[in-house]
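What follows is a single structure, written as structure tokens, with notes after it.
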Number of protein chains: 2
Amino acid sequence: MHAPFPYDLDTAVGYAIGHTAHRLKMGLRRAFTSAGHDVTPEQWVVLYRLYESQGLTQVELGERTVKDKTSITRILDRLESKALAERRRDAHDRRSQRIFLTPDGRDLVEHLVPLVRAYAAEAFADVPPEDRDHLRRILANIETRLDAMPEPKDPA
Amino acid sequence: MHAPFPYDLDTAVGYAIGHTAHRLKMGLRRAFTSAGHDVTPEQWVVLYRLYESQGLTQVELGERTVKDKTSITRILDRLESKALAERRRDAHDRRSQRIFLTPDGRDLVEHLVPLVRAYAAEAFADVPPEDRDHLRRILANIETRLDAMPEPKDPA
DNA sequence: AGCGGAAAATATACATGCTAATCATTGCCG
DNA sequence: CGGCAATGATTAGCATGTATATTTTCCGCT
């Protein structure tokens, strides 16, 4: 209606990225539940990383999933309560936990992968391969820049 | 370590989008707090939409911010408690609330906009304009596809 | 040795999103 | 006109993310 300064959120690239990311995640969530799997997209990522490399520390898991330590703690609580993963105290460093998938956890990952592949195939069906590469490159470009941006808290 | 089926999360476009979106949002959050503004990125979007058009219904606000009705309710609770916005019962339909920014709310938006612009300028500094356009187009493309995808629950 | 800081994990408090259920109001339709 | 489905909003329950503080354990360094 009125706009005393020029700004248009709707053309903001960052907003568009967030918007698309949100919808993609929600779609994946629904793909999981409608296939009868009681698992969230976040749990899926953790399970996937554990499938890749068992025995990770929670810190390592956090790095590989780009999640906070506290989020990892809680997600593992749930995965353990669903008997999909288990924590084992590290023998050499008793501060650490080593995380392993249970057989059920491995099974679940193997069921989830085709689902994820199918979902991605459909969601990106209209995006030609060269656009996907371009997209990846642009996003990597942005992240590189974000890495270089000073943390507001420790500019020293 | 072992990979009985071919899948690589790290090359998944959807994962990259989510990753970048997450980091962008966190950077914006920190830009706000380090500038002394007690406001979240989600609240920013709501405030911005209200600045654009005062007197929106919560449903309309939800559409314009791509947020759930319940999220809108709670965010407005907080904005009201911070005296940035206020709800007024619609005279013609007493189920609806019309939402308005307070003077403080308008002031805040006007302070936030330059912050957001500066942040975006820095985050996307390495992305040439034609790449931004391309990015927007690809994302729009994906969303169009998502719109066309059947809701798992009501495929009819 | 042994002290003190760093590291790993947990706990806590708050903000958000999703789902499902509920309440009040509206309005259509027989 | 009168009941009942649809609509706007709220509430409650769960999962996640952020920030901060705490606990336990390790390790470097004097």
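Here is how names work: the chains are called A, B, and so on, in the same order as the sequence lines, proteins then strands, and each is numbered from 1. For the numbers below, each heavy atom of this structure counts, side chains included, while hydrogens, waters and symmetry mates do not. Keep in mind that what you see is a predicted model, and the values were worked out from it rather than measured.
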With side chains defined as the heavy atoms from C-beta onward, is the minimum distance between [X] and [Y] less than 4.5 Å?
X: R98(A); Y: E60(A); result: yes
X: Q97(B); Y: T57(B); result: no
X: I142(B); Y: L24(A); result: yes
X: L50(A); Y: L84(A); result: no

Pairs under 3.5 angstrom, nitrogen or oxygen only, protein versus nucleotides 14-16 of chain D, please.
| residue | atom | partner | partner atom | Å |
| --- | --- | --- | --- | --- |
| dT16(D) | OP1 | T40(A) | OG1 | 2.7 |
| dT16(D) | OP1 | Q43(A) | NE2 | 3.0 |
| dT16(D) | OP2 | R78(A) | NH1 | 2.8 |

Using the salt bridge (charged side-chain N to carboxylate O under 4.0 Å, His left out) rule, collect all pairs that involve [range], keeping only residues at least two apart or in two chains.
range: residues 10-20 of chain A; answer: D10(A)-R49(B)
range: residues 124-139 of chain B; answer: R145(A)-D126(B), D133(B)-R136(B)
range: residues 68-84 of chain A; answer: D77(A)-R87(A), E80(A)-R87(A)

Pair F32(A)-V116(A), side-chain contact (heavy atoms from CB on, under 4.5 Å): steps then yes or no: CA-CA 9 Å; F32(A) 286 158; V116(A) 174; 3.9 Å; yes

Selection from dT11(D), dA19(D), dT19(C) that lies nearest to any side-chain heavy atom of T73(B):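 Looking only at side-chain atoms, T73(B) lies closest to dT11(D).
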
DNA chain C contacts among residues 81-89 of chain A, heavy-atom distance under 4.0 Å: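 Within residues 81-89 of chain A, the residues near DNA chain C are R87(A).
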
Mind calculating the distance between [atom1] ([X]) and [atom2] ([N]) to the nearest angstrom?
X: L28(A); N: dC18(C); atom1: CG; atom2: P; result: 14 Å
X: E63(A); N: dA8(C); atom1: CD; atom2: P; result: 9 Å
X: D77(B); N: dA12(D); atom1: CG; atom2: P; result: 12 Å
X: L24(A); N: dG17(C); atom1: CG; atom2: P; result: 17 Å
X: F32(B); N: dC14(C); atom1: CZ; atom2: C1'; result: 18 Å
X: L56(A); N: dA9(C); atom1: CG; atom2: C1'; result: 15 Å
X: M26(B); N: dA15(C); atom1: CE; atom2: P; result: 18 Å
X: D68(B); N: dG13(D); atom1: CG; atom2: P; result: 17 Å

OP1 or OP2 of dC18(C) under 4.0 Å from side-chain N/O of H22(A): yes

Under 4.0 angstrom between R29(A) side-chain N/O and dG17(C) OP1 or OP2: no

Nearest atoms (heavy-atom pairs only) where T102(A) meets A85(A): CG2-N, 3.9 Å

Donor on one side chain, acceptor on other, H37(B) and H111(B), under 3.5 Å: no

Test item: R117(A) side-chain N/O and L112(A) main-chain N/O as donor-acceptor pair under 3.5 Å: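 No, the answer is negative, given that no donor and acceptor are paired below the 3.5 Å cut-off.
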
Y48(B) (side chain) donor-acceptor with T65(B) (main chain) under 3.5 angstrom: no

Of I72(A) and E60(B), the one whose closest DNA chain D nucleotide lies more 5': E60(B)

For nucleotides 5-8 of chain D, tabulate all protein N/O to nucleotide N/O atom pairs closer than 3.5 Å, reporting atom names and distance.
| residue | atom | partner | partner atom | Å |
| --- | --- | --- | --- | --- |
| dT7(D) | O2 | R95(B) | NH1 | 2.9 |
| dG8(D) | O3' | S96(B) | OG | 3.4 |

